[in-house]
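The structure under discussion appears below in the form of C-alpha coordinates.
Since we're looking at a predicted model, the values are computed, not measured.
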Amino acid sequence: HHQHNIRSSIEAILTEVRPSLESHQGNARLVDVDANNNVTLAIEGSCRGCPMSAMTFGLGVEKMIRERCPEVKDVLYQ
(Lines give C-alpha, C1' and ligand atoms only; values in the text may rest on other atoms or scores of the structure.)
Protein backbone atom coordinates (compact mmCIF):
# COMPACT_ATOMS: atom_id res chain seq x y z
CA HIS A 1 0.00 0.00 0.00
CA HIS A 2 2.89 2.30 0.78
CA GLN A 3 4.15 2.06 -2.82
CA HIS A 4 0.69 3.15 -3.94
CA ASN A 5 1.01 6.42 -1.98
CA ILE A 6 4.41 7.11 -3.50
CA ARG A 7 3.05 6.26 -6.93
CA SER A 8 0.12 8.67 -6.63
CA SER A 9 2.39 11.47 -5.33
CA ILE A 10 4.74 10.99 -8.25
CA GLU A 11 1.88 10.88 -10.75
CA ALA A 12 0.73 14.22 -9.31
CA ILE A 13 4.22 15.71 -9.71
CA LEU A 14 4.48 14.45 -13.30
CA THR A 15 1.06 15.92 -14.09
CA GLU A 16 2.32 19.25 -12.77
CA VAL A 17 5.54 19.28 -14.78
CA ARG A 18 4.10 17.70 -17.94
CA PRO A 19 3.06 21.03 -19.57
CA SER A 20 6.62 22.32 -19.37
CA LEU A 21 8.02 19.02 -20.67
CA GLU A 22 5.54 19.03 -23.52
CA SER A 23 6.58 22.55 -24.43
CA HIS A 24 9.95 20.93 -25.21
CA GLN A 25 8.28 18.00 -27.03
CA GLY A 26 9.13 15.67 -24.20
CA ASN A 27 7.38 13.64 -21.57
CA ALA A 28 8.03 11.58 -18.48
CA ARG A 29 6.19 8.51 -17.36
CA LEU A 30 6.25 6.65 -14.08
CA VAL A 31 7.37 3.10 -14.82
CA ASP A 32 7.69 1.55 -11.41
CA VAL A 33 8.02 1.95 -7.67
CA ASP A 34 9.70 -1.16 -6.34
CA ALA A 35 9.64 -2.74 -2.87
CA ASN A 36 12.74 -0.75 -1.87
CA ASN A 37 11.06 2.55 -2.80
CA ASN A 38 13.21 3.03 -5.87
CA VAL A 39 11.32 4.99 -8.50
CA THR A 40 11.85 4.42 -12.21
CA LEU A 41 10.85 7.12 -14.68
CA ALA A 42 10.82 6.83 -18.44
CA ILE A 43 12.01 9.94 -20.24
CA GLU A 44 10.30 10.24 -23.59
CA GLY A 45 10.27 12.39 -26.68
CA SER A 46 12.93 14.99 -27.29
CA CYS A 47 13.88 15.05 -23.59
CA ARG A 48 15.46 11.64 -24.01
CA GLY A 49 19.23 11.96 -24.20
CA CYS A 50 19.14 15.75 -24.12
CA PRO A 51 21.81 17.14 -21.78
CA MET A 52 19.40 19.83 -20.57
CA SER A 53 16.88 17.19 -19.59
CA ALA A 54 19.30 15.65 -17.10
CA MET A 55 19.30 19.01 -15.37
CA THR A 56 15.55 19.48 -15.67
CA PHE A 57 14.82 16.07 -14.24
CA GLY A 58 17.57 16.10 -11.64
CA LEU A 59 16.88 19.58 -10.32
CA GLY A 60 13.18 19.79 -11.11
CA VAL A 61 11.32 16.53 -11.05
CA GLU A 62 13.69 14.59 -8.82
CA LYS A 63 13.92 17.44 -6.33
CA MET A 64 10.12 17.60 -6.12
CA ILE A 65 9.91 13.84 -5.66
CA ARG A 66 12.47 13.93 -2.85
CA GLU A 67 10.73 16.85 -1.13
CA ARG A 68 7.27 15.29 -1.29
CA CYS A 69 8.24 11.64 -0.93
CA PRO A 70 11.19 11.57 1.47
CA GLU A 71 10.84 7.79 1.66
CA VAL A 72 11.93 7.41 -1.97
CA LYS A 73 15.38 5.90 -2.06
CA ASP A 74 16.54 6.35 -5.65
CA VAL A 75 15.18 7.93 -8.79
CA LEU A 76 16.21 5.95 -11.87
CA TYR A 77 15.71 6.85 -15.52
CA GLN A 78 15.24 4.67 -18.54
Side-chain angles (χ1 to χ4, degrees):
H1 182 69
H2 191 58
Q3 269 78 28
H4 178 72
N5 292 347
I6 294 176
R7 191 177 282 273
S8 54
S9 300
I10 290 167
E11 290 288 7
I13 292 167
L14 292 178
T15 301
E16 259 175 70
V17 299
R18 193 157 282 130
S20 75
L21 298 178
E22 285 174 347
S23 73
H24 298 280
Q25 282 75 52
N27 201 358
R29 188 168 48 82
L30 176 59
V31 178
D32 190 38
V33 179
D34 71 15
N36 300 317
N37 293 344
N38 293 314
V39 172
T40 304
L41 298 177
I43 309 303
E44 297 172 340
S46 67
C47 292
R48 193 177 177 87
C50 162
M52 280 304 288
S53 77
M55 225 166 75
T56 307
F57 286 97
L59 301 175
V61 179
E62 194 170 322
K63 185 168 180 278
M64 288 166 82
I65 290 172
R66 292 189 182 286
E67 280 168 8
R68 294 192 207 175
C69 313
E71 63 276 37
V72 167
K73 205 160 129 208
D74 251 328
V75 180
L76 312 163
Y77 302 99
Q78 69 176 31

Shortest non-hydrogen contact from [X] to [Y]?
X	Y	value
Arg66	Val72	NH1-O, 3.8 Å
Ile65	Leu41	CD1-CD1, 4.1 Å
Arg29	Glu44	NE-OE2, 2.6 Å
Ile10	Cys69	CG1-SG, 4.4 Å

Should the pair Arg7-Glu11 be classified as a salt bridge under the 4.0 Å nitrogen-to-oxygen rule?
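Result for this pair is no, no salt bridge flagged.
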
Rounded to the nearest 0.5 Å, what separation is found between the CD atom of Gln3 and the CD atom of Glu71?
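Reported to 0.5 Å precision, the distance equals 9.5 Å.
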
Can you list everything that forms a side chain to side chain contact (heavy atoms under 4.5 Å, CB included) with Thr40? Sequence neighbours excluded, please.
Val31, Asp32, Leu76, Gln78

Residues that Asn38 engages under side chain to side chain donor-acceptor pair (under 3.5 Å), provided they are two or more places apart:
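Side chain to side chain donor-acceptor pair (under 3.5 Å) check on Asn38 returns Asp34.
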
Heavy-atom distance under 4.5 Å between the side chains of Leu14 and Val61, does that happen here?
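Of all side-chain heavy-atom pairs linking Val61 with Leu14, at least one is under 4.5 Å.
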
